[in-house]
Amino acid sequence: MKNIAILCSGGDVSGMNPAIKHFVEYSIEKGLQPYFVYDGFEGLIDNNIVSASYKDVSGIITRGGTKIGSARSKRFLEASYRQIAKDNLDKHGIDKLVVLGGDGSFRGMAKFYEEHGIAFAGIPSTIDNDIVGTDYCLGVDTALNIIREALDAVRDTASSFKRAFVVETMGRDCGYLALVSGLTSGAELTLIPEVSYNLHDYEAKFKKELSEGRRYFLAVISEGIKESAEEVAAWFEDVIGIESRATVLGHIQRGGNPTSRDRLMAYRFINFGIDGLLAGKNDKVSCYSASQFNYKSIGDVANTQHVIEPALMKLAESCLTC
Ligand code: ATP
């Protein structure tokens, strides 16, 4: 069959729209008819599947989010709904899917492939950067740049008012965003779930710096650590003795105009994914590691515990320990 579809599943990221644009362009270049599936696996089940052309993707390269929507789908967990999804794809003559999502989505697709033979190319897309087998997930660079802008702005006001600012980043159980942001913004304190810490260890050092004239502290913490931003801010105030504020960045990290890197990576992931499908790689995730693209099986991606790249952990050692 010559028809191919794209869908987004799980959390949206900035970079999905450039990927959707290039999916249409590259599919046509390869002699395939592109289709959109709206709202993830829900759209497969509801037959929200529409053929696409160049005009559908004009002007979307600059926009965050995803033009075709994303969703989580409880129904897709059930075999009977996956059968409906397969029947709907058959109606459109589609037997290949490009899936922008996380490891949960790829697990779902692997099951769908096993049951119904619908080939898929998984494109890792999550700002958490916590998918095993790939050093880079779509959306990460845009999220890092949004955090950097926020931290630079907070630093300005912190130094003017003699305050400690505690900024919480997303990442679930993965401290990647906080680690890179703390390192590249020169934060005095960076806390991530992967590294155990005790705030008490920082007490003498921070009090000494304060007594010697330090005007502010910047702390970057990951949402997966044991304390909340409010609790760390309270520690600065009660124990270190400096007025403090807590800022939870939240979902602004997921939006914003995609950076050049995310646009370029979107293009490269799409080419690699579609090339794989055309070469008979029917159930693979397109990964990027050691500056190379490679195909990984779902077992390599979904069944292993993620760890942050050791070289990066080593580089950040001094900002992660007292
Ligand atoms: P994010 O990183 O944003 O959480 P994700 O792809 O990991 O993205 P999940 O919520 O884990 O997000 O999965 C997305 C969807 O994939 C689920 O809502 C479900 O429809 C489907 N899915 C996940 N696991 C399975 C499975 N074992 N069988 C069938 N479908 C699944």
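Note that ligands are numbered from 1 as they come in the structure, with each ligand's atoms numbered from 1 the same way.
Look at Lys86 and Asp90 and you find a salt bridge, because one of the NZ, NE, NH1 or NH2 atoms lies within 4.0 Å of a carboxylate O, short of that distance. Note on Lys111 versus Glu115: no salt bridge recorded, every NZ/NE/NH1/NH2 to OD/OE distance being 4.0 Å or above.
The side-chain hydrogen bond (donor to acceptor under 3.5 Å, both in side chains) search around Glu42 returns Ser73, Arg75, not counting sequence neighbours. Listed by chain and number, the residues in a side-chain hydrogen bond (donor to acceptor under 3.5 Å, both in side chains) with Lys207 are Glu203 (sequence neighbours excluded).
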Which pairs would a plain distance check flag for residues 57-64, meaning a side-chain donor or acceptor within less than 3.5 Å of a matching protein atom at least two apart in sequence or in another chain?
none

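Between Phe236 and Phe206, the angle of the ring planes stays under 30°, which puts this pair in the parallel group of the 30/60° scheme.
Closer than 4.0 angstrom to ligand 1 lie heavy atoms from Ser9, Gly10, Gly11, Phe41, Arg72, Ser73, Phe76, Leu77, Arg82, Gly102, Asp103, Gly104, Ser105, Gly108, Lys111, Arg172.
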